[in-house]
Amino acid sequence: MSEHPDVVRLLDADGSFAPSATADEYLPYVEALSDADLETFYRDMAVIRAFDQQATHLQRQGQLALWPPSFGQEAAQVGSARAARPQDHLFPSYREHAVCRIRGVDPVDIIRLMRGLTHGGWDPTDPKNGNTHLYTLVLGAQTLHATGLGMAMVFDGKCGTGDPDRDEAVMVYYGDGASSQGDVHESMVFAASYRTPEVFFLQNNHWAISVPVATQSRAPLVQRGTGYGIPSVQVDGNDVLASYAVTRRALEEARAGDGPRAIEALTYRMGAHTTSDDPTKYRTSDEEESWARRDPIARMRAYLERRGASAEFFADVEAESQAVADDARVRTNALGGIGAETMFAHVYSADHPVIAEQREWLASYEASFQEGDR
């Protein structure tokens with residue numbers, strides 16, 4: 001585990017409240033949370049895990065072409081997403097299922113994308129989707145998009161006005177593997193130069209498919225942002241309270257015009273990289289078990305139980321989780337497919353002879369399989 005001595009942590013793995021030495025400055029953010037807020041964090045994590053597991057099952061049943069599980073990374077996503085304000089713009093990578101749901105995106109829209117029914121999944125300009133931009137499977141490309149929007153916010157005077165209810169920020173999610181992409185580094189160059197109101201949120205889940213983070217970087221990834229003059233913090237990404245507090249402050253500073261911030265959330269991908277991956281080929285069961293003992297949901301549950309959360313609350317969360325998973329299954333099975341002719345749409349802005357020729361060839365080919373025409 002590439003943990004820096006200054007890592008911010010509020011909850012130990014057993015759920016006890018034990019702030020690290022670097023957590024003191026973040027305590028006011030947590031102290032301001034109500035019992036309802038804390039229970040919402042837990043509910044968010046539990047429900048999205050149930051959905052994520054259902055989506056994985058649906059892919060195994062042939063309902064999806066691919067699924068990237070978020071199993072194990074719920075605290076990093078829930079804490080950071082809950083720290084954002086409605087006016088903020090969020091740019092996910094491709095496994096930020098909790099982030100999307102919190103911001104208002106219908107989780108089945110993610111399934112539609114992974115089923116191959118849409119190129120995007122949802123309309124990021126629709127207010128109901130909470131300024132959540134589209135999944136990006138091109139590693140690191142979303143950091144360029146986020147930085148470009150952040151520069152526009154600077155040019156348009158949408159940050160640093162002194163009005164926290166109006167100021168805007170942008171937050172972009174990416175992984176440890178993507179952090180080695182040139183796009184990420186170019187984004188940090190421009191973000192630092194133009195002092196964009198931006199938070200780079202790196203989820204270090206320790207494996208870029210089969211490549212361990214120790215091979216990707218000889219130094220803690222948190223130092224990469226620092227190298228560009230971007231204040232950077234490493235946080236225990238399996239601690240939802242720490243994730244929330246660190247992100248809350250980073251976004252406040254960014255909105256206020258203080259420039260970009262970077263966060264490295266140390267977490268772990270408990271499942272496969274995607275459903276086409278077999279993690280048993282490159283990592284040990286001992287490693288997986290050691291991280292299972294730091295499970296973010298179990299940690300938060302233990303903390304809430306110590307605070308007196310009722311058995312009825314946990315039963316209600318379990319019922320909601322099951323209901324969301326069941327709903328995803330039912331609606332996915334009802335999605336159907338799309339006609340092959342749709343592949344020819346939107347290739348060019350106007351009719352094109354090559355596209356017309358290909359469309360006619362496909363129609364003729366499919367007709368050749370009709371009965372009596374073999």
Side-chain angles (χ1 to χ4, degrees), residues 1-33 41 72-84 143 169 171-180 184-185 188 191-192 195 198-207 212-254 256 258-269 290-291 293-296 299-300 303:
M1 183 175 180
S2 51
E3 184 173 299
H4 193 274
D6 293 335
V7 65
V8 177
R9 178 182 294 109
L10 293 168
L11 297 180
D12 274 347
D14 64 359
S16 59
F17 190 73
S20 62
T22 52
D24 287 350
E25 59 192 297
Y26 300 101
L27 290 177
Y29 294 103
V30 176
E31 292 166 351
L33 294 171
F41 290 173
Q73 298 182 220
E74 295 89 357
Q77 295 185 20
V78 168
S80 58
R82 285 294 177 187
T143 60
M171 180 158 55
V172 58
Y173 293 86
Y174 59 107
D176 47 289
S179 72
S180 297
V184 174
H185 295 267
M188 286 186 167
R195 296 180 61 78
E198 181 174 4
V199 173
F200 290 87
F201 196 92
L202 164 60
Q203 291 181 87
N204 179 357
N205 67 19
H206 286 78
W207 288 95
V213 70
T215 300
Q216 300 172 55
S217 178
R218 299 301 180 185
L221 297 179
V222 67
Q223 295 180 9
R224 290 186 171 178
T226 305
Y228 293 102
I230 300 175
S232 305
V233 178
Q234 188 184 73
V235 62
D236 184 338
N238 281 13
D239 176 354
V240 68
L241 299 185
S243 177
Y244 167 81
V246 169
T247 308
R248 178 71 181 270
R249 194 178 80 168
L251 284 169
E252 287 181 354
E253 292 171 344
D258 294 337
R261 298 293 187 264
I263 297 170
E264 180 195 4
L266 290 172
T267 183
Y268 192 76
R269 168 170 55 78
S290 71
W291 277 96
R293 291 191 290 271
R294 310 174 213 180
D295 184 283
R299 182 185 301 196
M300 188 59 175
Y303 173 65

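Worth knowing before you read on, the calculation uses all heavy atoms, side chains too, and leaves out hydrogens, waters and symmetry mates. Bear in mind the structure is a predicted one, so any value in this text is a computation, not a measurement.
E198 approaches A191 most closely through the heavy-atom pair OE1-CB, 3.5 Å. Scanning all heavy atoms of the two residues, the minimum distance from G225 to A262 falls at CA-CB, 4.5 Å. Summarising the geometry of V7 relative to V235, their closest heavy-atom pair is CG2-C, 3.7 Å, with the distance given to 0.1 Å. Shown here for A219 and S217, the closest heavy-atom pair between the two residues is O-OG, 2.6 Å. The heavy-atom pair separating A75 from G237 by the smallest distance is CB-O, 3.4 Å.
With sequence neighbours left out, R195 forms a salt bridge (Lys or Arg N to Asp or Glu O under 4.0 Å) with no residue at all. Qualifying salt bridge (Lys or Arg N to Asp or Glu O under 4.0 Å) partners for D295, counting only residues two or more places apart in sequence or in other chains: R49. Under the rule for a side-chain contact (heavy atoms from CB on, under 4.5 Å), the partners of P212 that lie at least two apart in sequence or sit in another chain are W207, T215. Remark: A192 engages I230 in a side-chain contact (heavy atoms from CB on, under 4.5 Å) (not counting sequence neighbours). Under the side-chain contact (heavy atoms from CB on, under 4.5 Å) criterion, T226 pairs with S232, not counting sequence neighbours. Under the salt bridge (Lys or Arg N to Asp or Glu O under 4.0 Å) criterion, R249 pairs with E25, E253, sequence neighbours left out.
Taking 4.5 Å as the limit, some side-chain heavy atom of H185 sits within range of a side-chain heavy atom of Y228. Using a 4.5 Å heavy-atom threshold, the side chains of Y303 and L10 count as separate. Looking at D236 and R299, their side chains come closer than 4.5 Å, going by heavy atoms from C-beta outward. Under the 4.5 Å side-chain criterion, counting only non-hydrogen atoms from C-beta, E264 is not in contact with R224.
In summary, the side chains of N205 and T267 do not present any donor paired with an acceptor at a separation below 3.5 Å, with no hydrogens or angles considered.
No donor-acceptor distance shorter than 3.5 angstrom exists from the side chain of D176 to the backbone of V213, with no hydrogens or angles considered. E252 places no side-chain N or O within donor-acceptor distance of the main-chain N or O of A250, the cut-off being under 3.5 Å.
The line from CD of Q73 to OG of S243 is 11.5 Å long, rounded to the nearest 0.5 Å. The distance from the CD atom of Q234 to the CD atom of Q223 is 9.0 Å, given to the nearest 0.5 Å. Taking OG1 of T143 as the reference point, atom CZ of F200 lies at 6.5 Å (rounded to 0.5 Å). In this structure, CG on N238 lies 12.5 Å from CG on D12, to the nearest 0.5 angstrom. Expressed to the nearest 0.5 Å, how far CG of L33 lies from CZ of R248 amounts to 8.0 Å. Expressed to the nearest 0.5 Å, how far OG of S80 lies from OH of Y244 amounts to 12.0 Å.
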Subject >> D14 vs R293, side chain to side chain contact (heavy atoms under 4.5 Å, CB included): CA-CA, chis, key distance, verdict >> reply: CA-CA 8 Å; D14 64 359; R293 291 191 290 271; over 6 Å; no
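Exactly one of T247, L251, V172 qualifies for a side chain to side chain contact (heavy atoms under 4.5 Å, CB included) with F201. That residue is T247.
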